[in-house]
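The structure appears below as structure tokens.
Hydrogens, waters and symmetry mates are skipped; everything else that's a heavy atom, side chains included, is used.
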Amino acid sequence: MDPEAVYSVLAEEMKTVLIGNDDVVEGITVSLLTRGHILLEGVPGVAKTTIANAFAHTTGLDFTRVQMTPDLLPADITGTHVYREGTGEFQLQRGPIFTNLLVADEINRATPKTQSALLEGMQERTVTIEGDTLSLPSPFMVIATQNPIEMDGTYELPEAQRDRFQCKLTVDLPSDEDELRLIDRFDETPDLGPTDLSRVVTVDDILDARERVRTVHVAESVKSYIQSLVSASRTHSDLAHGGSPRATLALLHTAKARAAIHGRDYVIPDDVKALAVPVMRHRLVLNTEAELSDRSPVDVVEDLLDTVTPPNGVTDEVPVGGNADD
């Protein structure tokens, strides 16, 4: 199945339960098709976990939710060997990370030691338990949620872990119109939830769409634009630390996926612009002066988009046989 069709059927089916949040659904689909992970932020009650659960049901992926708490241990995520009296042997007990879609709910409530239990799985797609390295299922994706307004008893994600998340997406409060639609829908069907959704794609469809994303063409001028945006963040006056090469590659890969789900086999600057904020905002570290001035990482990314000139005439660089229709 081509990426445009995958996104179309997923988004349409998820609308049975979700109202609004189109950008979030698109962002999660982009990350799924590029082996990425998502940091999902929003105030309580905006359906962060419901979005992840709905996505799992429509894709047919195995789904595990872990409520992150301060007393959670790394072995509670990865698993451990358990002694069985009946056999007199230790048996491997796999943890919840052995799934296709792991939702780490309120990740910043877990200790840094437990947060770090996710790192190997997110980067290498493997988990090491007492010296044994085990492969995770494919596809594998982490969606971690956090609440931006309750910071007591939380542990801020270290920069190294934030960098492992391909995108940070925000789930906003609904507009007045969307909230009225929400009231009407759940007045009629109060028990409506992700379990009412149908599976509309298979794992093979997802893997096939991933391969098609890989073939999307990126012109040299667009590659230079991506590199210039990230490079400019490293010298921005408001930042102590800018984007890493991992941010550059994340922007490249997500731009290719966005082009593909919008029916193009080549990337245009608008793909890069649309993804610059979700890819970069959680990777940028403000300096003290910027924090005191109430600047935000999003403000910095918008500065970069205003100051770094995008290329023109990208369609002229599409190879023969490419799709030049937007």
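When side chains are defined from C-beta on, Val30 does not count as touching Tyr7, because their heavy atoms never get closer than 4.5 Å. Residues Asp23 and Pro278 have side chains not in contact (no heavy-atom distance under 4.5 Å, counting atoms from C-beta outward). Residues Leu119 and Gln123 form no side-chain contact, since every pair of their non-hydrogen atoms from C-beta on lies 4.5 Å or further apart. At a threshold of 4.5 Å between non-hydrogen side-chain atoms, the residues Gln115 and Ile107 count as touching. Looking at Val272 and Val267, their side chains come closer than 4.5 Å, going by heavy atoms from C-beta outward. The shortest side-chain heavy-atom distance between Thr128 and Leu134 does not fall under the 4.5 Å cut-off. Lys273 is not listed as a side-chain neighbour of Leu229, based on a closest heavy-atom distance of 4.5 Å or more. With contacts defined as side-chain heavy-atom distances shorter than 4.5 Å, the pair Asp299/Glu302 qualifies.
Between the CD atom in Glu120 and the OG1 atom in Thr133 there is a gap of 6.0 Å [rounded to 0.5 Å]. Separating the NZ atom in Lys113 from the CG atom in Leu72 is a distance of 12.0 Å, to the nearest 0.5 Å. Atom CG of Leu275 is separated from atom OG of Ser31 by 8.5 Å, given to the nearest 0.5 angstrom. Rounded to the nearest 0.5 angstrom, Met141 CE and His37 NE2 are separated by 8.0 Å. For the atom pair CD of Gln146 and CD of Glu156, the computed distance is 8.5 Å after rounding to the nearest 0.5 Å. The CD1 atom of Ile143 sits 6.5 Å away from the CZ atom of Phe55 when rounded to the nearest 0.5 Å.
Using a 4.0 Å cut-off between charged side-chain N and carboxylate O, Arg181 and Asp178 make a salt bridge.
A donor-acceptor distance shorter than 3.5 angstrom exists from the side chain of Ser233 to the backbone of Gly243, with no hydrogens or angles considered. Checking side-chain atoms of Arg35 against main-chain N and O of Leu32 turns up no donor-acceptor pair under 3.5 Å. Arg185 places no side-chain N or O within donor-acceptor distance of the main-chain N or O of Leu192, the cut-off being under 3.5 Å. Between the Arg281 side chain and the Lys168 main chain, a donor and an acceptor come within less than 3.5 Å of each other. The backbone N or O of Val43 lies less than 3.5 Å from a partner atom in the side chain of Lys48, making a donor-acceptor pair. Without hydrogens or angle criteria, His236 side chain to Gly242 main chain gives no donor-acceptor distance under 3.5 Å. Side chain of Thr254 to backbone of Ala250: a donor-acceptor contact under 3.5 angstrom is found.
Both Leu33 and Ile51 are part of a single hydrophobic cluster, where members link through side-chain heavy atoms under 4.5 Å apart. Cluster annotation: Val203 is not connected to Ile97 through the hydrophobic network of ILVMFWY side chains, with a link wherever side-chain heavy atoms come within less than 4.5 Å. Under the 4.5 Å side-chain heavy-atom criterion for Ile, Leu, Val, Met, Phe, Trp and Tyr, Val298 and Leu39 are members of distinct hydrophobic clusters.
In plain terms, the two heavy atoms of Ser237 and Asn287 that are nearest each other are O-ND2, 2.7 Å. Nearest heavy-atom pair across Ala209 and Val6 is CB-CG2, 4.0 Å. Residues Ala75 and Thr80 approach most closely at CB-CB, 4.3 Å, considering heavy atoms. Closest approach of Pro137 to Asn100, counting heavy atoms only: CB-ND2, 3.6 Å. When all heavy atoms of Thr309 and Tyr225 are compared, the closest pair comes out as O-CD1, 3.7 Å. Considering all non-hydrogen atoms of both residues, Pro3 and Ile261 come closest at O-CG2, 3.7 Å.
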Evaluation steps, side chain to side chain contact (heavy atoms under 4.5 Å, CB included), between Thr215 and Asp265: CA-CA 7 Å; Thr215 67; Asp265 57 9; over 6 Å; no
CA sep, side-chain torsions, deciding dist, call: Gln166, Thr34, side-chain hydrogen bond (donor to acceptor under 3.5 Å, both in side chains): CA-CA 9 Å; Gln166 186 184 66; Thr34 51; 3.1 Å; yes
Test log, rule salt bridge (charged side-chain N to carboxylate O under 4.0 Å, His left out), inputs Arg162 and Glu159: CA-CA 5 Å; Arg162 294 199 307 270; Glu159 183 183 354; 5.2 Å; no
Audit row: Leu40, Val24, side chain to side chain contact (heavy atoms under 4.5 Å, CB included) steps and yes/no: CA-CA 9 Å; Leu40 203 57; Val24 175; 3.8 Å; yes
Derivation and outcome, side-chain hydrogen bond (donor to acceptor under 3.5 Å, both in side chains), residues Ser224 and Ser221: CA-CA 5 Å; Ser224 295; Ser221 60; over 6 Å; no
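In this model, no donor atom of one side chain and acceptor atom of the other lie less than 3.5 Å apart for Asp62 and Thr99. Under the 3.5 Å distance criterion, with hydrogens and angles disregarded, no donor-acceptor pair is assigned to the side chains of Ser231 and Ser228. At a cut-off of 3.5 Å, with distance as the only test, a side-chain donor of Ser244 or Asp163 sits close to an acceptor on the other residue. If you check the side chains of Glu41 and Thr145, you find no donor sitting under 3.5 Å from an acceptor.
Residues meeting the salt bridge (Lys or Arg N to Asp or Glu O under 4.0 Å) test with Arg84, sequence neighbours left out: none.
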What pairs of donor and acceptor atoms, side-chain ones from residues 10-22 against any protein atom, are under 3.5 angstrom apart with sequence neighbours left out?
from	atom 1	to	atom 2	distance (Å)
Glu13	OE2	Ser198	N	2.8
Thr16	OG1	Glu13	O	2.9

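Pairs of residues two or more places apart, or lying in two chains, that qualify as salt bridge (Lys or Arg N to Asp or Glu O under 4.0 Å) and include a residue from residues 191-219 are Asp208-Arg212, Glu211-Arg214.
Residue Gln67 qualifies as enclosed at atom CD: its count of foreign heavy atoms under 6.0 Å is above 12.
Applying the side chain to side chain donor-acceptor pair (under 3.5 Å) test between Arg258 and each of Asp270, Thr29, Asp271 identifies Asp271 as the sole match.
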